Amino acid sequence: MTLATGAVAAGAIATAGPAVAEEVPQHRGGAVATLGGLQTYDQAVIRDNGASQQVPAGLFEMSVDGGGTLQTYCIDIQNPTQKDAKYQETPWSGTSLNGNRNAGKIRWILQHSYPQVNDLAALAGKAGARALTEQEAAAGTQVAIWRYSDGADVEAANPQAEKLADYLYKNARASAEPRASLTLDPPAVSGRVGERLGPVTVRTDADTVSVTPPADSVASGVKVVGKDGKAITSAVNGSQLFFDVPKDSADGSAALAVQATTTVPVGRAFASETRSQTQILAGSSESTVSATASATWAKKGAIPALSAEKNCAKSGVDITASNPGDRPFTFRLMGLKHTIEAGTSRTVTIPLQEDQPYDFTIKGPNGFEKRFKGVLDCQTEGSTIGNKTEPVADPSPASAGGTGTGTGGGDLAETGGSSATPMIAAIAVLMVVLGAVAMFLLRKKKDPTATDAPSED
């Protein structure tokens, strides 16, 4: 019988146990990118309960790990962006788009506006605008998206951009969620020594993907093979991959990787673990996408395979565990005991609070350890003009992207918040403390008989 240790608490970071613990991010494959800033934008005005706030609105640019560039709009108007935040391609179910009945309309807007439609004269004609610059087109598109992603009362500051926003909002129709650029399903398998472990199915819109075998495959003899049992170095959508483990192998584990260069489908969501605005893809160059899958094998006993995925519908993280071994696999997490019987698979949902960081390690036989960490971010910030709590103090949000129009520049849009808020609050608290001290000293000076009260044990 095996156990797991873990901790889940807002702001708490648990130790991962032994250094050999394998960290498993909730990234099921696709593009990984770094937010570079708001590049093409104009201004918009948010209204809420009689208050109004002007914010930049437009296209962000992201640089893809391994090569490529993405253009994105944001879908959480009140959540600031974080400087140099790392983003991962994410299914809608793992973001605030989950349960949003208008999510498909947002994709329609992306497909029928800038930058997918770069004939700005034609776009202006459809919207009834005199003309549109790139900045106005980007701002109008972002405003229309915010109305569906956040239910926000927001308008473009420029009248021509506002006409585009109205046109897109009124004409949007539901469109299906695009499939991932690249994933492996399932991302973890297990089985007995001497077997082919799998299948792991490739899901991609790329023409072909390269397959990289385990790093120590030559020494271990573990191969990645296709359905025919032959070693495989490339695959296509629907290909099935297997780990071929020799009969004389010691109990162990390995991982394979697949990679491709493709355009990421418009409408794919991108989420960050740093509480930075969720983004939605508006355009992609040829970009590097990748995915990994792991395998665990043993001669006998429990042989667990674990994977995790955010589940916004259930406000938690789904831990999927399979056990093709001949003994039960048991672990404890958040005070609860979970048992995966021999020859079965089960998904356990770990409930979490919104914005709650989590970090826990699940242990198994033969030194098996998997660490899962992240932040549950499933909701938009809501309407908080004039009464906003900053989501995180470190890293601090970058300054807003200027007060006028612009293209380029390294600053990020901080829609719905001010980077000065924490400093203002700190100064206010300090002033209150100093005032209280001054009043206390003044009273003691006026009453020479006053003495400090004795402490009580």
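For clarity, every value in this text was computed on a predicted model and none was experimentally measured.
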**Message:** Taking Thr347's backbone N and O only, do any of them form a donor-acceptor pair with Thr320's side chain (distance below 3.5 Å, no angle check)?
**Reply:** no
**Message:** Salt bridge or not between Asp359 and Arg371? Use side-chain N to carboxylate O under 4.0 Å.
**Reply:** yes
**Asked** Does any N or O in the side chain of Asp150 come within less than 3.5 Å of the main-chain N or O of Ile77, such that one atom is a donor and the other an acceptor?
**Response** yes
**Asked** Looking only at atom types and distance, does a side-chain atom of Ser113 sit under 3.5 Å from a main-chain N or O of Leu110, one as donor and one as acceptor?
**Response** no
**Asked** Rounded to the nearest 0.5 Å, what separation is found between the CZ atom of Phe243 and the OG atom of Ser220?
**Response** 10.5 Å
**Request:** Mind checking the OG1-CD1 spacing from Thr141 to Ile106? Nearest 0.5 Å is all I need.
**Result:** 12.5 Å
**For the student: nearest non-hydrogen atoms of Ala305 and Val189, plus distance** = CB-C, 3.6 Å
**Asked** Are Leu241 and Val258 close enough that some pair of their side-chain heavy atoms sits under 4.5 Å apart?
**Response** yes
**Prompt:** If you take all heavy atoms of Ile350 and Met334, which pair is closest and at what distance?
**Reply:** CG2-SD, 3.1 Å
**Prompt:** How long is the gap from NZ on Lys83 to OG1 on Thr81, to the nearest 0.5 Å?
**Reply:** 11.0 Å
**Message:** Could you check whether any side-chain N or O of Ser285 sits under 3.5 Å from a backbone N or O of Ser287, counting only pairs where one atom can act as donor and the other as acceptor?
**Reply:** no
**Request:** Check step by step if side chain to side chain contact (heavy atoms under 4.5 Å, CB included) holds for Asp244 and Val224.
**Result:** CA-CA 6 Å; Asp244 189 358; Val224 178; over 6 Å; no
**Message:** Tell me which pairs pass ring pair (Phe, Tyr, Trp, His ring centres under 6.0 Å) where either residue lies in residues 151-177, with sequence neighbours left out.
**Reply:** Tyr148-Tyr169
**Request:** For Arg107, check salt bridge (Lys or Arg N to Asp or Glu O under 4.0 Å) against everything at least two apart and list the hits.
**Result:** none
Contacts under 3.5 angstrom, residues 58-73 side chains, donor-acceptor by atom type, not counting sequence neighbours:
residue	atom	partner	partner atom	Å
Asp65	OD1	Lys86	NZ	3.2
Asp65	OD2	Lys86	NZ	3.3
Thr72	OG1	Gln279	OE1	2.7
Tyr73	OH	Tyr114	O	2.8

**Message:** Looking at Asn323 and Ile340, would you say the former's side chain and the latter's main chain have a donor-acceptor pair under 3.5 Å?
**Reply:** yes
**Request:** Please round to the nearest 0.5 Å and tell me the distance separating atom OG of Ser294 and atom NZ of Lys370.
**Result:** 3.5 Å
**Complete:** In this structure, CD1 of Ile280 is separated from OG1 of Thr90 (nearest 0.5 Å) by 11.5 Å
**Request:** With rounding to the nearest 0.5 Å, note down the distance linking CD in Gln135 to CD in Gln39.
**Result:** 11.5 Å
**Message:** Under a 3.5 Å threshold, yes or no: a donor from one side chain and an acceptor from the other, between Asn98 and Ser93?
**Reply:** no
**Item:** SB check Glu273 Lys310 (cutoff 4.0 Å)
**Value:** yes
**Prompt:** Between Glu354 (side chain) and Cys378 (backbone), is there a donor-acceptor pair under 3.5 Å?
**Reply:** yes
**Message:** Taking Ala282's backbone N and O only, do any of them form a donor-acceptor pair with Gln116's side chain (distance below 3.5 Å, no angle check)?
**Reply:** yes
**Prompt:** Taking all non-hydrogen atoms of both residues, which atom of Ile303 and which atom of Ala298 are closest, and how far apart?
**Reply:** CD1-O, 3.7 Å
**Item:** CA sep, side-chain torsions, deciding dist, call: Ile362, Leu306, side chain to side chain contact (heavy atoms under 4.5 Å, CB included)
**Value:** CA-CA 9 Å; Ile362 298 177; Leu306 298 174; 3.6 Å; yes
**Message:** Using a 3.5 Å distance criterion without hydrogens, assess whether the side chain of Glu195 forms a donor-acceptor pair with backbone atoms of Arg192.
**Reply:** yes
**Message:** If we ignore hydrogens and angles and just use 3.5 Å, is the side chain of Thr183 paired with the main-chain N or O of Ala180 as donor and acceptor?
**Reply:** no
**Asked** Relative to the ring of His338, is the ring of Phe331 parallel (under 30°), tilted (30 to 60°) or perpendicular (over 60°)?
**Response** tilted
**Fill in**
Here the pair of heavy atoms bringing Gln82 nearest to Ser276 is N-OG, 2.8 Å
Per-pair distances, 0.1 Å, donor-acceptor, side chain in residues 228-240, under 3.5 Å, sequence neighbours excluded:
residue	atom	partner	partner atom	Å
Asp228	OD1	Lys230	N	3.0
Asn237	OD1	Thr204	N	3.0
Ser239	OG	Val236	N	3.0
Ser239	OG	Val236	O	3.0

**Sequence-distant partners of Trp92, ring pair (Phe, Tyr, Trp, His ring centres under 6.0 Å), two or more places apart** = none
**Asked** Taking it one step at a time, do Asp185 and Val200 satisfy side chain to side chain contact (heavy atoms under 4.5 Å, CB included)?
**Response** CA-CA 5 Å; Asp185 182 30; Val200 175; over 6 Å; no
**Request:** Report yes or no: does Arg203 contribute a side-chain atom to a donor-acceptor pair with the main-chain N or O of Thr201 at less than 3.5 Å?
**Result:** no
**Request:** Would you check, one step at a time, whether the test side chain to side chain contact (heavy atoms under 4.5 Å, CB included) holds for Leu184 with Val202?
**Result:** CA-CA 5 Å; Leu184 292 174; Val202 177; 3.8 Å; yes
**Message:** Quick one, Asn79 and Thr380 - any side-chain contact, counting heavy atoms below 4.5 Å?
**Reply:** no
**Request:** Of all the heavy-atom pairs spanning Val264 and Ser284, show the shortest one and how long it is.
**Result:** N-OG, 3.1 Å
**Message:** Could you check whether any side-chain heavy atom of Val375 comes within less than 4.5 Å of a side-chain heavy atom of Tyr358, counting everything from C-beta outward?
**Reply:** no
**Item:** Sequence neighbours excluded, every pair satisfying ring pair (Phe, Tyr, Trp, His ring centres under 6.0 Å) that has a member inside residues 254-297
**Value:** none
**Prompt:** Going by heavy atoms in the side chains, are Val289 and Thr262 under 4.5 Å from each other?
**Reply:** yes
**Prompt:** Side chains of Glu136 and Leu164: does their closest heavy-atom pair fall under 4.5 Å?
**Reply:** no
**Pair Arg147 + Glu162: basic N to acidic O under 4.0 Å** = yes
**Request:** Measure the shortest side-chain to side-chain distance between Val317 and Asn311 over non-hydrogen atoms and say whether it is less than 4.5 angstrom.
**Result:** no
**Ala260 to Ala206 - nearest heavy-atom pair and separation** = CB-CB, 3.8 Å
**Request:** Kindly indicate whether the side chain of Lys227, heavy atoms from C-beta on, has any atom under 4.5 Å from the side chain of Phe242.
**Result:** yes
**Asked** Is the closest side-chain heavy-atom distance between Val348 and Leu333 below 4.5 Å?
**Response** no
**Prompt:** Just by distance, with hydrogens left out, do Glu89 and Ser181 show a side-chain donor and acceptor under 3.5 Å apart?
**Reply:** yes
